[in-house]
Amino acid sequence: ASQSEEKDLVIIGGGVAGYVAAIKAGQEGLKVTCIEKRGALGGTCLNVGCIPSKSLLNNSHLYHQILHDTKGRGIEVGDVKLNLEGMMKAKETSVSGLTKGIEFLFKKNGVEYIKGTGSFINEHEIKVALNEGGETSVKGKNIIIATGSEATPFPGLEIDEKRVITSTGALSLEKVPEKLIVIGGGIIGLEMGSVWSRLGAKVTVVEFLNQIGGPGMDTEISKQAQKLLKKQGVEFKLGTKVVSGDASGETIKLEVDSAKGGKPETLDADVVLVAIGRRPYTSGLGLENAGLEVDERGRVVIDSEYRTKASHIRCIGDVTFGPMLAHKAEEEAVAAIEYIKKGYGHVNYGVIPSVMYTHPEVAWVGQNEQELKAQNIPYKVGTFPFSANSRAKTNLDTDGLVKMLADPETDRLLGCHIIGPNAGEMIAEATLALEYGASTEDIARTCHAHPTLAEAFKEAAMATYSKAIHF
Ligand code: FAD
Ligand code: NAI
C-alpha cells in the first residue's frame with residue numbers, strides 16, 4: 001500500500017534529532033510523518049544512551065556512596081546489598097516513561113508516526129518496510145535524514161553484547177564482571193567504566209592518547225579526572241593501543257602496544273567494552289537512490305543550512321558533521337524546521353556544552369587551554385577550587401575546581417572547564433555567558449546565592465581579573 005498524499009515533511013529516524021524536528025514541524029503547522037524502526041521513539045539517547053546510562057550512573061553512585069561515604073555524616077548503615085536486577089528495572093522505568101512521553105507529544109502535535117525502516121526510492125519517495133510486516137511508501141516535499149550513529153566495531157573482536165560489548169551491552173549486563181577492560185578512554189568508556197567499577201568490577205581503561213576524556217577536555221581537568229577516578233579504583237593504561245583481541249577462550253585476551261614503542265603486553269578480561277567512538281549510520285537507507293553523498297568518515301554531506309545535494313533533503317544529528325551529542329541534535333532539529341518554514345535558522349557551534357556524568361562530573365564549554373595555545377590566542381586563567389566553597393564543604397564533596405579562560409584585554413569569556421559536584425548543571429551558566437558574549441567581570445558582578453556551588457563559578461570569574469575572596 002502507498003500513501004498517495006504528499007507530506008510537507010518526512011523524517012527518517014525518531015531519535016533526538018528526528019523526534020524534535022517532528023514536534024517542531026507539527027507546532028509550525030506542517031503535515032509531518034516520522035519513520036522509526038526501533039519500535040520506540042527517542043533513538044540512541046533515550047533507549048540505549050543518555051538516559052539509561054544516567055540512570056545507572058546515578059544509582060550506582062548512590063550505592064557506592066552508601067558503601068564508602070557515610071562515615072563522618074552521622075549515618076550508620078547496615079547490610080547494604082546490590083540488587084542488579086532492581087537497578088536495571090529502575091533504568092527501564094525511566095526509559096519507557098520518557099519514550100512513551102514522546103509518543104504522546106507526537107499525538108499532541110499531530111505527527112504521524114510510522115514504525116518501520118525507511119529507504120529512498122528516489123529523491124521524493126521513501127519506501128517503508130513496516131515492523132508489523134508489509135510495506136508502504138511516503139512522499140515528502142521536504143525530507144530530513146536523522147538516522148543517527150552506531151558504535152564503531154573493533155576489528156577482530158566480534159560484538160556479542162555479553163562478553164564483548166558496546167555501550168548497549170554495558171547498559172544491561174546480567175552480573176557484575178570480575179574484570180572489565182574498556183578499550184577507549186572517551187566519555188562512554190569513563191561513564192560505563194565508572195558504573196561497573198562502583199558495582200564491584202575491576203576496571204582497566206586502555207586509551208591510545210595520553211589523556212582521558214577525548215580531545216575536547218582541558219588537559220588540566222582531564223588529569224584531575226583521571227586522578228579522582230583512579231582513587232575510586234579505575235585503572236588506566238594511557239598511551240596504549242589495543243592492537244588485537246581474541247575472545248575464543250574462557251577469558252578474553254587483548255594484545256596492547258605502547259603507543260611510543262615499548263614492549264607489547266597481553267591483558268585478559270571477563271568482559272571487554274569497545275568504546276572507541278561512534279560512526280554515522282546510513283546502512284540500508286538507499287542514499288544512492290537519491291543521489292546523496294557521504295564523506296570519508298561516512299557522514300552525510302550537507303551545507304550550512306543542513307541541505308544535502310538535493311536541496312529539499314536535509315540532514316541533522318549524529319549522522320552528519322559535528323559533535324555526537326543529543327543537545328546538538330536538538331538544536332539542529334529546531335534550526336532545520338526554521339529553515340524549511342521561515343528560510344532562516346541558527347545554531348552556535350562554538351557554544352555547545354559537553355558533560356561527562358562521572359563523579360565528580362566534568363563539564364566544559366568554549367575553548368580549552370590547549371586549543372587556545374595551538375591557535376596563539378592570548379588568554380588568562382582564573383580558577384577556584386571546590387575545597388574553598390562553603391556548600392561543597394557542607395556537602396563533604398569538595399573534589400574539583402572551576403577554571404575560566406578569558407581574553408586578557410577585554411575579559412571576554414573564552415571557555416569554562418569544571419570538574420566537581422553538579423558541574424553538568426553549572427555549565428549552563430557558562431554557556432549562557434558565552435552565548436551572550438559576557439566578560440568574566442559581568443559574571444563576577446552578578447549576585448550568586450549563598451551557600452551554593454555556583455559561588456565557585458563566580459569566584460573563578462573574579463580570579464581572572466582580580467582575586468577570589470575565599471581562596
Ligand atoms: P539517534 O539517537 O541514533 O537516532 C536515530 C534513530 O534513527 C534511531 O532510533 C534509529 O533506529 C533510527 N533509524 C536509523 N535508520 C533508520 C531507517 N532507515 N528507518 C527508520 N529509522 C531509522 N549525548 C548527550 O548529549 N548526553 C549524554 O549524556 C549522552 N550519553 C550517551 C550515552 C551513550 C551510551 C551513547 C551511546 C550516546 C550518548 N549520547 C549522549 C549521544 C546521543 O545519544 C546522540 O548524540 C543522540 O542520540 C543523537 O541523536 P540522533 O537523533 O542524531 O540519532
Ligand atoms: P570517543 O571518541 O569519545 O572516545 C574514544 C576513545 O577511544 C578516544 O579517546 C580514542 O583515542 C580511543 N581509542 C580509539 N581506538 C583505540 C584503540 N585501538 N586502543 C585504545 N584506545 C583507542 O568515543 P566514545 O567514548 O565511544 O563515545 C562516542 C560518542 O558518544 C562521544 O563522542 C559522545 O559524543 C557520545 N557520548 C556522549 C556522552 C555525554 O555527553 N555524556 C556520553 C556517552 C557518549
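Just so you know, residue 1 is the first one in the sequence shown, and it goes up from there. Both ligands and their constituent atoms are indexed starting at 1 by order of listing.
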The atoms of ligand 2 lying under 4.0 Å from a heavy atom of Lys241, numbered in the order shown, are 18 (N), 19 (N)
To atom 12 (C) of ligand 1, the nearest of Glu330, Glu36, Arg38 on a heavy-atom basis is Glu36
His312: partners by ring-ring contact (aromatic ring centres under 6.0 Å, His included), with sequence neighbours left out:
His124
Check for me whether Val319 has a heavy atom closer than 4.0 Å to any atom of ligand 1.
no
Would you say Thr152 touches ligand 2, if touching means a heavy atom closer than 4.0 Å?
no
Which of the ligand 1 atoms, numbered from 1, are nearer than 4.0 Å to a heavy atom of Ser167:
34 (C), 36 (C)
Should Phe208 be counted as touching ligand 2, given the test is an N or O pair under 3.5 Å?
yes
Would you please determine whether Pro323 falls within less than 4.0 Å of ligand 2 on a heavy-atom basis?
no
Report, one line per pair, each donor and acceptor closer than 3.5 Å where one atom sits in a side chain of residues 276-288; sequence neighbours left out.
residue: Arg278; atom: NE; partner: Ser149; partner atom: OG; Å: 3.0
residue: Arg278; atom: NH2; partner: Ser149; partner atom: O; Å: 2.7
residue: Arg278; atom: NH2; partner: Ser149; partner atom: OG; Å: 3.3
residue: Arg279; atom: NE; partner: Glu150; partner atom: OE2; Å: 3.0
residue: Arg279; atom: NH2; partner: Glu150; partner atom: OE2; Å: 3.2
residue: Tyr281; atom: OH; partner: Lys37; partner atom: NZ; Å: 2.6

Residue Gly317 vicinity, atoms of ligand 1 by number, heavy atom under 4.0 Å
52 (O)
By number and element, which atoms of ligand 2 are closer than 4.0 Å to a non-hydrogen atom of Thr240?
20 (C)
Ligand-side contact atoms (ligand 2) for residue partner Val206, heavy atom cut-off under 4.0 Å
20 (C), 21 (N)
Return the option from Met217, Met324, Glu207, Glu191 holding the heavy atom at the smallest distance from atom 34 (O) of ligand 2.
Met324
Taking Tyr339 as the fixed residue, which of Arg307, Glu305, His346 is the one that meets the side-chain contact (heavy atoms from CB on, under 4.5 Å) rule?
Glu305
Give the contacting part of Ser119 toward ligand 1: side chain, backbone, both or neither, where contact means a heavy-atom distance below 4.0 Å.
neither
Of all protein heavy atoms, the one nearest atom 20 (C) of ligand 1 is Gly116 O, 3.4 Å
Name the closest protein heavy atom to atom 4 (O) of ligand 1, giving the residue it belongs to and the distance to 0.1 Å.
Gly15 CA, 3.3 Å
Phe236 and side-chain contact (heavy atoms from CB on, under 4.5 Å): which single residue from Val182, Thr204, Val205 fits?
Val205
Counting from 1 in the order shown, the ligand 1 atoms closer than 4.0 Å to a non-hydrogen atom of His327 are 25 (O)
What do we get for Val243 next to ligand 2 when only non-hydrogen atoms under 4.0 Å count, side chain, backbone, both or neither?
neither
Numbering the atoms of ligand 1 from 1, which are under 4.0 Å from a heavy atom of Leu285?
18 (N)
Mark up the atoms of ligand 1 that fall under 4.0 Å of a heavy atom belonging to Tyr281, in ascending order.
14 (C), 15 (N)
Does an N or O from Val242, backbone or side chain, lie closer than 3.5 Å to an N or O of ligand 2?
yes
Among Ile187, Val256, Ile188, closest by any non-hydrogen atom to atom 27 (O) of ligand 2
Ile188
Quick check: does Leu209 get an N/O under 3.5 Å from an N/O on ligand 2?
no
If you measure from each heavy atom of Leu171 to ligand 1, is any distance below 4.0 Å?
no
